[in-house]
Number of protein chains: 2
Amino acid sequence: MHNLIVGYGSAVTDDLVLRRQVCFALYAASRALTDVYRPILDEFGLTYPQYLVLLVLWERPDDAPTVSELGAELRLDSGTLSPLLKRLEGAGLVVRRRSARDERRVEVGLTERGRALRQRVDEIPLQIARATGLGIAELVALRDTLTRVTDTIHRQKEQ
Amino acid sequence: MHNLIVGYGSAVTDDLVLRRQVCFALYAASRALTDVYRPILDEFGLTYPQYLVLLVLWERPDDAPTVSELGAELRLDSGTLSPLLKRLEGAGLVVRRRSARDERRVEVGLTERGRALRQRVDEIPLQIARATGLGIAELVALRDTLTRVTDTIHRQKEQ
DNA sequence: CACAATTAAGTTGTGCACAACTTATCTGGC
DNA sequence: GCCAGATAAGTTGTGCACAACTTAATTGTG
């Protein structure tokens, strides 16, 4: 099961070629898309991970999930989220408060400013989709394949 | 051309849902795959970006590309590569030398140790491919779609 | 030849990611 | 009710990424 990617030449030689590797394609595409987001999100003073946190909060605006719950959605730990949330709080977009019933938990809620920002980012998904050059069907297929890969890896990790 | 991803509900509501976004799927898959690489590359004392640099050097072991040429392959700038290469040099895997004919350039070559390491990483592409749970045809299709997206974005950026 | 503009690499500062650790709180078994 | 183990968030340290900048060398044009 060598020579994974293309079936000629020596296995060793071929599989280690950069342009043949799915992982490099994934890594490069992820960074390229973040490059598309950057100037757009700059207008709102946001980074891409900060925008992702807001996406989660906008989905359930009355929920105020904990740091762990945010982390479960985004697959990020407190080492990443704690300072990020501190910056979002500094920008006046979210508030953090200790849970009353469990003092270990910190609940993250939207401020009015954070809630209002949602209305201003409507056009972003469209802009991003256009930048990929893919059609809707291709985007959906790509998303589903990637989600399947991610889920497969995470399932393996849990066992 | 709203409601990109699925054709029901309000455009605003749907397109901003995390799980519907291709970009999040890409970001999550990229990090998940890096998680698969990490314990494997740890054995060799490498990070994933360091491994990518070695892939480029292994492709043309007598070439000693410059920092810029490496950067063009990997789409990384000197701000990322300079400290990374310093670490690879510290690990005894590469050497950096000023070009004789153009003192601005720094050429990056493999040491014997760096060259030898190639023989020990043969199995990595196979291990990674297995972890994705995808078949060869799917991997190739995924790689090509992602490469197309990346190229589209970079082409737009240049104009 | 002079020198302004360009190019190459490196540096500095910010913000992720993530491992390893700390601190504070909670829970279950006795 | 006590306390060992678990859990939640935060902190520290390392290594990318990338913007903005610096320094040094080269190139093109007059």
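Hydrogens, waters and symmetry mates are skipped; everything else that's a heavy atom, side chains included, is used. Every chain is numbered from 1 and lettered A, B, ... according to where its sequence line falls, protein lines coming before strand lines.
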Rounded to whole Å, how long is the line connecting atom CG of B:Asp77 with atom P of D:dT22? 17 Å
Quick note, A:Ser68 side chain, CB onward, closest among D:dC18, C:dA9, D:dA8 is D:dA8
Side chain of A:Arg38 (C-beta onward), nearest among C:dC18, D:dA19, C:dC16: D:dA19
With heavy atoms under 4.0 Å as the rule, sort A:Thr34 into base, sugar-phosphate or nothing. nothing
Phosphate OP1/OP2 of C:dG15 contacted by A:Tyr48 side-chain N/O (<4.0 Å): no
Where each residue is assigned the nucleotide of DNA chain D containing its nearest heavy atom, which of A:Asp35 and A:Arg98 is assigned the position nearer the 5′ end? A:Arg98
Shortest non-hydrogen pair, B:Gln50 vs B:Gly45, comes out as OE1-O, 3.8 Å
Minimum-distance nucleotide (side-chain atoms of B:Leu84 versus D:dC16, D:dT26, C:dG15): D:dC16
Phosphate OP1/OP2 of C:dC16 contacted by B:Tyr27 side-chain N/O (<4.0 Å): no
Out of D:dA25, C:dC18, D:dG15, whichever nucleotide has its closest atom nearest the side chain of B:Thr47: D:dG15
Quick one: is C:dT11 close enough that its OP1 or OP2 comes under 4.0 Å of any side-chain N or O from B:Lys86? yes
Donor-acceptor pair, side chain of A:Arg113 and main chain of A:Ala91, under 3.5 angstrom: yes
If the cut-off is 4.0 Å, is A:Ser82 near the phosphate of D:dA9, judged by side-chain N/O to OP1 or OP2? no
Selected nucleotide, minimal atom distance to A:Arg104 side chain, candidates D:dT26, C:dA9, D:dT7: D:dT7
Here the distance between atom P of C:dA8 and atom CG of B:Leu76, to the nearest Å, is 16 Å
Would you say A:Arg101 reaches C:dC26's phosphate, i.e. side-chain N/O to OP1/OP2 under 4.0 Å? no
Is it the case that the base of D:dG10 and the side chain of A:Ser78 share a donor-acceptor contact (distance under 3.5 Å, atom types as modelled)? yes
If I take atom CD in residue A:Gln50 and atom P in nucleotide C:dA17, what distance separates them, rounded to the nearest angstrom? 10 Å
Looking at A:Val56, is its backbone amide N or carbonyl O close enough to the side chain of A:Glu73 to form a donor-acceptor pair, meaning the two atoms are under 3.5 Å apart? no
Just how far, in rounded Å, is P of D:dG10 from CG of A:Leu85? 7 Å
In this structure, how many angstroms lie between the P atom of D:dG10 and the CG atom of A:Leu88, rounded? 13 Å
Answer yes or no: does a side-chain N or O of B:Arg96 lie under 4.0 Å from OP1 or OP2 of C:dG10? yes
Among the nucleotides C:dG10, D:dT7, D:dC16, which one has an atom lying closest to any side-chain atom of B:Val106? C:dG10
Whole angstroms only, please: what is the OH-C1' distance between A:Tyr51 and C:dG15? 19 Å
Both B:Ala32 and B:Asp102 contact DNA chain C. Which one's nearest nucleotide lies toward the 5' end? B:Asp102
Check this one for me: any side-chain N or O of B:Arg87 less than 4.0 Å away from OP1 or OP2 of D:dC16? yes
How close or far is atom C1' of D:dG15 from atom CG of B:Leu41, stated in whole angstroms? 14 Å
Between CZ of A:Phe24 and C1' of D:dA17 the distance, given in whole Å, is 14 Å
Distance (rounded to the nearest 0.5 Å) between A:Ser68 OG and A:Arg104 CZ: 9.5 Å
Taking A:Arg148's backbone N and O only, do any of them form a donor-acceptor pair with A:Thr152's side chain (distance below 3.5 Å, no angle check)? yes
Any side-chain N or O of A:Thr80 under 4.0 Å from OP1/OP2 of C:dC16? no
Residue pair A:Lys86, A:Glu89: steps toward the salt bridge (Lys or Arg N to Asp or Glu O under 4.0 Å) verdict: CA-CA 5 Å; A:Lys86 205 176 287 184; A:Glu89 190 169 45; over 6 Å; no
